[in-house]
Amino acid sequence: MATQQPGCEFSRTVDAEAARAQGLRFSVVASDSERRGVASALDLVSIGNLQAEVTLEPARTGTGSLMSVEWQADVVQSCVVTLEPVATHLEDSFSVLYAPPGTGKHNAGHAAHRETVIDIEDDEPAEPLVNGQIDVGAAIVEHLALALDPYPRSPGAEVPAQYLPDAEERRRESPFAKLAALKSKFPPSSGRR
């Protein structure tokens, strides 16, 4: 099953060979200290809940493991305007293929040339296994970070008018206004040379 890795905010490692041999299905729930660590790492006010349902099964390619995750989290961010707390419930699912380096999709090009060939019609390349382990928790945190609102706002929050440029200033700063000013300085020549 999943084991914790010391020194990481939220780490749950699984032996990839065991997952590939028999397939695994389990739940992951972050502890209070793990949620505090992830909140700090992602610059959040807090995380009230972070949990996931994980399925690991042999990859169809014959090597590697396919991890499918359904996760949810209750996060609190700071409003970008007022700094008030903004609570949000997030949930999503994702799948990641893991394979040992040098096999399958990692075996791209001749090793001496260190060349990588990417087929745009192919699925995403496999993530490399590190010491034969899959870190489920790290993958969940990565997808949580991608799901966060980069500019959270509390309801009704508006930027004060004193910090907004007025219409005349926006017109002067427009790239098209600057081009028009340059055009008036250098009128087109009437003939060719």
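Atom set for the values below is all heavy atoms of this structure, side chains included, hydrogens, waters and symmetry mates excluded.
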Exercise for the section: Please step through side chain to side chain contact (heavy atoms under 4.5 Å, CB included) for the pair Val75 and Leu144, ending with a clear verdict. Expected result: CA-CA 10 Å; Val75 301; Leu144 168 62; 4.1 Å; yes
Exercise for the section: Please step through side chain to side chain contact (heavy atoms under 4.5 Å, CB included) for the pair Glu127 and Leu97, ending with a clear verdict. Expected result: CA-CA 6 Å; Glu127 290 291 321; Leu97 177 65; over 6 Å; no
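Here OG of Ser65 is found 9.0 Å from CG of Asp15. Values are rounded to the nearest 0.5 Å. The CD atom of Gln51 sits 8.5 Å away from the CG atom of Asp74 when rounded to the nearest 0.5 Å. Atom CZ of residue Phe94 and atom CD of residue Glu70 lie 10.5 Å apart, to the nearest 0.5 angstrom. Arg153 contributes atom CZ, which lies 7.0 Å from atom SG of Cys79 (distance to the nearest 0.5 angstrom).
The minimum heavy-atom distance linking Glu9 with Gly37 is given by the pair CG-O, 3.3 Å. The two residues Arg12 and Ala30 make their nearest non-hydrogen contact at NH2-CA, 4.5 Å. In this structure, Thr55 and Arg25 approach most closely via the heavy-atom pair OG1-NH1, 2.5 Å. Heavy atoms only, all atoms of each residue included: Ala126 and Tyr98 are closest at CB-C, 4.4 Å. Of all heavy-atom pairs between Asp135 and Phe10, the closest is OD1-O, 4.3 Å. Closest approach of Pro152 to Ser78, counting heavy atoms only: CG-O, 3.3 Å.
Side chain of Arg35 to backbone of Ile47: a donor-acceptor contact under 3.5 angstrom is found. Of the possible polar contacts, one joining the Gln77 side chain to the Asp149 backbone as a donor-acceptor pair under 3.5 Å is found. Between the side chain of Asn49 and the main chain of Ala73, no donor-acceptor pair closer than 3.5 Å is present.
Taking hydrophobic clusters as Ile, Leu, Val, Met, Phe, Trp and Tyr residues chained together by side-chain heavy-atom distances below 4.5 Å, Phe26 shares a cluster with Val141. Note: the hydrophobic cluster containing Leu50 does not contain Val76 (ILVMFWY, side chain heavy atoms under 4.5 Å, direct or indirect links).
Side-chain heavy-atom separations under 4.5 angstrom define the hydrophobic clusters, and Val86 shares its cluster with no other residue.
Side-chain contact between Val96 and Ile134: absent, with no pair of heavy atoms (C-beta onward) separated by less than 4.5 Å. Residues Leu148 and Leu90 have side chains in contact (heavy-atom distance under 4.5 Å, counting atoms from C-beta outward).
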